[in-house]
Amino acid sequence: MKRFAALFHTLDGSTRSSHKRAALVAYFASAPARDAAHAVATLCGQRPRRAVNATRLRQAAAQRTGLPLWLIEETYHHVGDLAETIALLLPEPDHPQSIPLHELLERRLPALARADEAGQIDQLCRLWSHLPADERLVFNKLLTGGFRVGVARQSVIHALAAHLQVDAERIAARLMGRIEPDPGLMDRLGADERPADSLAPYPFLLAHPAPESIQDLGDATDYLAEWKWDGMRAQLVVRNGAVAIWSRGEDDVTPLFPELRDAAATLADGTVLDGEILAWDARGVRPFGDLQRRLNRKRVSTKLMADVPVRMLVYDLLEDAGIDLRDQPLAMRRQRLQRRAVHLGEALRPSPLVEGRDWATLQSAFRQARERGVEGLMLKHKTSRYSSGRPRGYWWKWKVEPYTVDCVLLYAQAGHGRRSNLYTDYTLGVWSGDALVPVAKAYSGLTDEELSEMDRWIRRHTTDRFGPVRAVEAGQVFEIAFEGLRPSSRHKSGIALRFPRIQRWRQDKSPEQADHLRALQDLLQGAGSQTP
DNA sequence: ATATCAGCTTC
DNA sequence: CTCGGAA
DNA sequence: TTCCGAGGAAGCTGATAT
């Protein structure tokens, strides 16, 4: 783990991506394949399951350092990261001895996870007393599962490409789906062919926000238009008689959607579909919240499947009869998808095209978006290839105008990480009678300069403190933009905003001019009565 | 047994 | 998902 | 231009608190 710890510190300490890449290349050139495989998986965000919970970790740290728990707690509040706090507090190791990365991840951490309470504390103290000081931080990060390091996935890909002397595109493709950190990983990454049994998805093509005036996109006939569905992006892969469904975060979500898996079982091998999974019942498409009940589940009961039926609206055909179609223009892929549509069935159907040869026609369709329960329109250039990432000019998302509300700043809290010195986290409220009630939290939307100006104001106008939270005078008004609203039991106001962000700092307005809860409740009534 | 919270995912 | 900032 | 890290709301899981 010596090399890996050194790599971590380089990545963590530098912001130059060229520097990071060089460190990665050097690491891959020198690390044993078994360790390198784990490094790749870890750096790509595939973290080991959390081995020890935070409470136990604190207890073990208290025992090893001899410090009282409250002091560790206090230190943690200042540092903001438990793994780092403990790494800083631990005494020097007795007889420093490094542990290979693969040994740590394959043996030590699983053993730790299996142990009982006393066993965990005992093992932790023993490990800490042997680990060289510069490896403790990395160890603790792996331990808490909170391993997040400032490397772009792209940097890892390019470093691997340079090290293995192959195309970066290929590496990116090989790293899709689950990464198996076995000794053969590096060989597979460099291989010409994708492994025969692979059910891995392709890198997702993402969309950009459309320009303010839609005409700037050029000729409307150059685009295919579809509704922008409010569901979950997914790729469905059929190969070797098996079906896999992948989320955008590259999670295998197949077990969550048995009806989609079954519907896809009739498809020919070598089929890859891209589309949106939606909650959809007899009434039509349902809000995203309904779909959420099907997500992140351990088990999907038949009752739940009946309560929240799903379907996948397919908008792209990426592989057909085993042939990769991603370099073909969208219009061709779409045509081919339509031809295949007869085989898709009820749960799996093509996303309908929205007809319109000019912007005026599309504009009038766009205006129906809210009442249809969709977020707007997607505009996809007919000649576009399905390349990875977010290339400009290919796919545009044309979202309905957000709602806005003028809110008063009620509470502020310090941010995390680099923003931990500033009060950047705002709770905002509206009037309910002559009292202000919180409706949302937001900070995004202010520039760094505005944030520090607000920070100064907050410090000078604090009226009360609750732990890390400061209550402030009602003196600042912000215009908050949001995409929609739902009833919520978590907020005193009974309302939760979706994607709240600060649109404008209304220094021209006094708190009395802020909006009233009544207005949001009316909006909720209006939005709630819609049936898609 | 039930409530709450942190940590994960989706958007 | 949103946004601002950095490379 | 593209990527990243900062942030929000929701629901589910698993652990702890009552």
Side-chain angles (χ1 to χ4, degrees), chain A residues 11 14-21 45 47 49-50 52-56 80 82 113 117 144-146 148-158 206-209 228-234 246-253 256 276-279 287-301 304 308 375-376 387-394 397 399 402 413-420 422 424-428 438-451 480-491 495-504:
Chain A
L11 296 175
S14 169
T15 57
R16 305 194 75 86
S17 53
S18 54
H19 194 185
K20 290 184 180 190
R21 196 168 301 172
R47 291 163 296 158
R49 214 182 97 249
R50 190 182 185 109
V52 182
N53 70 37
T55 315
R56 207 96 80 223
L82 189 56
E117 181 170 344
T144 55
R148 215 166 275 141
V149 60
V151 233
R153 197 191 166 92
Q154 219 62 17
S155 294
V156 178
I157 289 170
H158 280 111
L206 306 172
H208 278 281
K228 186 181 187 305
W229 302 101
D230 188 11
M232 177 186 153
R233 181 80 180 273
W246 297 92
S247 71
R248 191 150 91 73
E250 292 169 49
D251 261 6
D252 181 354
V253 293
L256 295 177
E276 194 87 1
I277 296 175
L278 298 158
F288 179 75
D290 288 15
L291 176 67
Q292 222 166 0
R293 295 181 52 208
R294 293 281 302 258
L295 271 33
N296 306 316
R297 283 206 167 246
K298 209 145 186 210
R299 239 177 51 82
V300 176
S301 64
L304 183 64
V308 188
E375 297 182 310
S387 63
S388 70
R390 192 170 268 148
R392 235 181 149 68
Y394 285 23
K397 48 180 165 185
K399 296 187 71 165
Q413 202 174 346
H416 280 93
R418 266 182 274 116
R419 294 177 204 280
S420 55
L422 292 176
T424 56
D425 198 355
Y426 308 147
T427 302
L428 301 139
V439 286
K441 292 172 71 168
Y443 105 81
S444 140
L446 291 183
T447 61
D448 281 0
E449 200 177 318
E450 289 171 322
L451 283 176
I480 303 301
F482 59 101
E483 301 299 319
L485 67 181
R486 303 206 76 185
S488 165
S489 53
R490 290 192 193 180
H491 299 78
I495 281 178
L497 309 186
R498 193 178 192 198
F499 305 142
R501 68 270 188 186
I502 298 170
Q503 190 146 71
R504 274 194 296 172

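In what follows, chains carry the letters A, B, and so on, assigned in the order in which the sequence lines appear, proteins first and then strands, with residues in each chain numbered from 1. Values reported hereafter were calculated over all heavy atoms of this structure, with side chains retained and with hydrogens, waters and symmetry mates removed.
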Name the nucleic acid region contacted by [X], choosing base, sugar-phosphate or nothing; use a 4.0 angstrom heavy-atom cut-off, strictly under.
| X | answer |
| --- | --- |
| Arg486(A) | nothing |
| Leu446(A) | sugar-phosphate |
| Arg294(A) | nothing |
| Lys228(A) | nothing |

In whole Å, I'd like the distance from the [atom1] atom of [X] to the [atom2] atom of [N].
| X | N | atom1 | atom2 | value |
| --- | --- | --- | --- | --- |
| Arg21(A) | dC4(D) | CZ | P | 11 Å |
| Leu451(A) | dA6(D) | CG | P | 13 Å |
| Arg390(A) | dC4(D) | CZ | P | 11 Å |
| Lys20(A) | dC3(D) | NZ | P | 15 Å |
| His208(A) | dT2(D) | NE2 | C1' | 7 Å |
| Phe482(A) | dC11(B) | CZ | P | 22 Å |
| Asp251(A) | dC11(B) | CG | C1' | 14 Å |
| Leu497(A) | dT2(C) | CG | P | 15 Å |

>> On the nucleotide dC1(C), are OP1 or OP2 found under 4.0 Å from the side-chain N or O atoms that Lys399(A) carries?
In response: no
> Taking only side-chain nitrogens and oxygens of Lys441(A), does any of them come within less than 4.0 Å of OP1 or OP2 of dA10(D)?
Replying inline: no
Return the nearest nucleotide to the side chain of [X]; candidates are [options].
| X | options | result |
| --- | --- | --- |
| Arg501(A) | dC1(C), dC3(C), dT10(B) | dC3(C) |
| Gln292(A) | dT10(B), dC1(C), dG5(C) | dT10(B) |
| His491(A) | dT2(C), dA10(D), dT13(D) | dA10(D) |
| Arg392(A) | dT10(B), dT1(D), dG8(D) | dT1(D) |
| Asn296(A) | dC1(C), dC12(D), dT13(D) | dC12(D) |
| Tyr443(A) | dA10(D), dG7(D), dG8(D) | dG7(D) |
| Arg56(A) | dC3(C), dG8(D), dT16(D) | dT16(D) |
| Leu295(A) | dA10(D), dT2(C), dT10(B) | dT10(B) |
| Asp425(A) | dC11(B), dG11(D), dG8(D) | dG8(D) |
| Ser444(A) | dC3(C), dA9(D), dC12(D) | dC3(C) |

> Does some side-chain heavy atom of Ile480(A) sit less than 4.5 Å from a side-chain heavy atom of Arg501(A)?
Replying inline: no
>> Can you tell whether the side chains of Asp230(A) and Lys399(A) come within less than 4.0 Å, N to carboxylate O?
In response: no
>> Between Arg248(A) and Thr447(A), which residue's closest nucleotide on DNA chain C lies nearer the 5′ terminus?
In response: Arg248(A)
> Is there a donor-acceptor pair closer than 3.5 Å between any side-chain N or O of His158(A) and the backbone N or O of Arg21(A)?
Replying inline: no
>> Applying ring-ring contact (aromatic ring centres under 6.0 Å, His included), can you list everything that pairs with Phe499(A), at least two apart in sequence or on another chain?
In response: none
> How far does CZ of Arg294(A) sit from CG of Asn296(A), to the nearest 0.5 angstrom?
Replying inline: 12.5 Å
>> Checking Asp290(A) now: which residues fulfil salt bridge (Lys or Arg N to Asp or Glu O under 4.0 Å) with it, not counting sequence neighbours?
In response: Arg286(A)
